[in-house]
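Sequential numbering from 1 along the given sequence is applied to the chain's residues. Computed over heavy atoms, backbone and side chain alike; hydrogens, waters and symmetry mates excluded.
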Amino acid sequence: ARSMSDPYLQLILEDEHGNVIASKSRWPVPSLSPDSWSQDGIYPVPMNLYIPGIELPGSVVLKARAENLESDPVIIKDFQTIGGATAVHDDISQTLNVLFNNELVLRDFEFSDEPFRPGNLVIVNLFWQVDQVSETPHTLFVHLVNESGEIVAQLDRPIGGTVTPVTTWEQGQIWRDSYPLLLPEGLPEGSYTVRIGMYDWPSTEPLPIKGTDQNIWQLDTIEVASEE
């Protein structure tokens with residue numbers, strides 16, 4: 001029989017603001033009451049946590065606590081996500097008209113709020129309008145480039161992420177596609193350029209941008225501040 005003093009384990013996945021994304025509770029070892037555990041025993045037990053099919057923020061935190069003992073949560077691990085996409089139903093500022101691979105039109109972009117510091121994330125939000133439905137799960141890269149033209153940070157992933165890949169997007173739709181770019185520790189302060197491009201995997205053949213012989217599009221520059 002279980003006692004109310006037995007720890008009831010709860011796993012919690014939160015965003016950086018403490019909002020709960022997912023949680024699950026269970027007895028640590030369902031088949032064995034804690035009063036029968038050996039003092040030095042180790043009991044590995046798998047525990048699955050269902051992650052909802054939503055666009056995840058740039059970083060998430062996995063915590064654990066004994067739910068019924070009113071204990072404080074213990075941080076298990078911080079994770080950086082690869083972002084994802086969300087359909088946009090409201091009007092957006094369509095300041096751009098850049099057609100990639102005759103399929104996707106880049107209408108606008110935005111960065112997360114400053115200050116940008118080494119070790120932090122820059123969220124790069126791209127707003128796409130579907131001109132032609134894509135039958136191929138193209139990959140997009142985001143580069144951060146210093147004034148010497150060197151790539152100092154990079155994120156590559158399929159457009160739309162794993163939950164809503166670009167092959168599921170419908171003609172005329174507008175999507176916000178988010179890319180959390182990690183600024184390396186020790187990155188010197190200064191101006192850096194954010195640029196994007198598309199390619200197909202595994203060929204890595206770059207995809208064209210209409211009206212230019214380039215296959216890379218420069219978004220904007222950001223100012224990286226010194227570490228606190």
Side-chain angles (χ1 to χ4, degrees), residues 51 53-60 79-88 92-112 116 120-184 187 191-222 224:
I51 307 298
I54 60 174
E55 176 190 338
L56 293 177
S59 59
V60 295
F79 297 93
Q80 179 191 347
T81 73
I82 60 170
T86 303
V88 177
I92 65 168
S93 175
Q94 300 187 20
T95 58
L96 296 174
N97 185 27
V98 186
L99 180 59
F100 285 73
N101 202 46
N102 291 319
E103 294 174 346
L104 298 178
V105 182
L106 181 65
R107 290 299 190 187
D108 201 0
F109 68 90
E110 63 184 13
F111 302 144
S112 52
F116 304 121
N120 292 347
L121 290 172
V122 177
I123 308 299
V124 180
N125 291 320
L126 306 176
F127 293 88
W128 299 108
Q129 185 169 30
V130 182
D131 189 64
Q132 297 291 332
V133 175
S134 176
E135 298 180 355
T136 304
H138 307 306
T139 297
L140 184 132
F141 63 78
V142 180
H143 289 169
L144 187 70
V145 182
N146 64 18
E147 294 178 325
S148 299
E150 301 170 315
I151 299 173
V152 296
Q154 179 172 351
L155 175 63
D156 296 50
R157 72 151 169 79
I159 299 172
T162 57
V163 177
T164 54
V166 68
T167 51
T168 66
W169 297 3
E170 299 178 2
Q171 189 172 21
Q173 286 184 324
I174 295 178
W175 288 80
R176 183 189 66 214
D177 200 17
S178 298
Y179 294 78
L181 185 66
L182 180 64
L183 301 182
L187 187 67
S191 297
Y192 294 83
T193 300
V194 181
R195 66 187 193 185
I196 63 172
M198 292 184 188
Y199 63 89
D200 285 334
W201 180 262
S203 70
T204 68
E205 184 70 23
L207 301 180
I209 300 173
K210 187 175 181 179
T212 176
D213 58 358
Q214 303 295 314
N215 48 46
I216 294 177
W217 186 263
Q218 179 176 315
L219 295 179
D220 206 349
T221 59
I222 64 171
V224 174

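Distance check, rounded to the nearest 0.5 Å: CG of Leu126 to CZ of Phe100 gives 8.5 Å. The line from OG of Ser191 to CD1 of Ile222 is 9.0 Å long, rounded to the nearest 0.5 Å. With rounding to the nearest 0.5 angstrom, the CG atom of Asp177 is 9.5 Å from the CD1 atom of Ile196. Leu181 contributes atom CG, which lies 11.5 Å from atom CG of Asn120 (distance to the nearest 0.5 angstrom). Note that the CD atom of Gln94 and the CD1 atom of Ile174 stand 4.5 Å from one another [nearest 0.5 Å]. Rounding to the nearest 0.5 Å places OG of Ser134 at 7.0 Å from CD1 of Ile159.
Val130 places a side-chain heavy atom less than 4.5 Å from the side chain of Leu104. Between Phe116 and Leu183, some side-chain heavy-atom pair lies under the 4.5 Å cut-off. Under the 4.5 Å side-chain criterion, counting only non-hydrogen atoms from C-beta, Leu121 is not in contact with Ser112. Side chains of Asn101 and Pro208 form a contact here, defined as non-hydrogen atoms less than 4.5 Å apart.
Among residues at least two apart or in separate chains, there is no ring pair (Phe, Tyr, Trp, His ring centres under 6.0 Å) pair with a member in residues 194-222.
Between Asp220 and Arg195 no salt bridge is recorded (no basic side-chain N to carboxylate O distance below 4.0 Å).
Considering only residues two or more places apart in sequence or on other chains, Asp108 meets the side chain to side chain donor-acceptor pair (under 3.5 Å) condition with Thr95. Not counting sequence neighbours, the partners of Glu205 by the side chain to side chain contact (heavy atoms under 4.5 Å, CB included) test are Ser203. Thr212 meets the side chain to side chain donor-acceptor pair (under 3.5 Å) test with no other residue; sequence neighbours excluded. A search for ring-ring contact (aromatic ring centres under 6.0 Å, His included) contacts involving His138 returns nothing, not counting sequence neighbours. Applying the side chain to side chain contact (heavy atoms under 4.5 Å, CB included) criterion to Glu150, with sequence neighbours excluded, gives Asn146, Ser148. Residues passing the ring-ring contact (aromatic ring centres under 6.0 Å, His included) test with Tyr179, sequence neighbours excluded: none. Evaluation of the salt bridge (Lys or Arg N to Asp or Glu O under 4.0 Å) rule for Arg107 yields no partner, not counting sequence neighbours. In this view, Phe109 and Phe111 satisfy the ring-ring contact (aromatic ring centres under 6.0 Å, His included) rule, not counting sequence neighbours. For Ser178, the side chain to side chain contact (heavy atoms under 4.5 Å, CB included) partners at least two apart in sequence or on another chain are Glu55, Ile123, Asn125, Arg176. Remark: Thr164 pairs with Ala85, Thr168, Trp169, Trp175 by the side chain to side chain contact (heavy atoms under 4.5 Å, CB included) rule, at least two apart or across chains.
For the side chain to side chain contact (heavy atoms under 4.5 Å, CB included) with Phe141, the lone residue among Leu155, Asp156, Thr204 that qualifies is Asp156.
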Original post:
Could you go step by step and tell me if Asp200 and Thr136 meet the side-chain contact (heavy atoms from CB on, under 4.5 Å) rule?
Top reply: CA-CA 8 Å; Asp200 285 334; Thr136 304; 3.6 Å; yes
**OP:** Check step by step if side-chain contact (heavy atoms from CB on, under 4.5 Å) holds for Val105 and Val98.
**Re:** CA-CA 5 Å; Val105 182; Val98 186; 5.9 Å; no
Original post:
Between Val88 and Phe127, does a side-chain contact (heavy atoms from CB on, under 4.5 Å) hold up when you go through it step by step?
Top reply: CA-CA 9 Å; Val88 177; Phe127 293 88; 4.3 Å; yes
**OP:** Would you sort out whether Ile216 and Gln214 count as a side-chain contact (heavy atoms from CB on, under 4.5 Å), showing the intermediate values?
**Re:** CA-CA 6 Å; Ile216 294 177; Gln214 303 295 314; 5.6 Å; no
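Pro180 approaches Gln80 most closely through the heavy-atom pair O-NE2, 2.9 Å. Taking all atoms of both residues into account, the shortest heavy-atom contact from Gln132 to Asn102 is CG-O, 3.4 Å. The two residues Leu106 and Leu219 come nearest to each other via the heavy atoms CD2-CD2, 4.0 Å.
The backbone N or O of Asp131 sits less than 3.5 Å from a side-chain atom of Gln171, completing a donor-acceptor pair.
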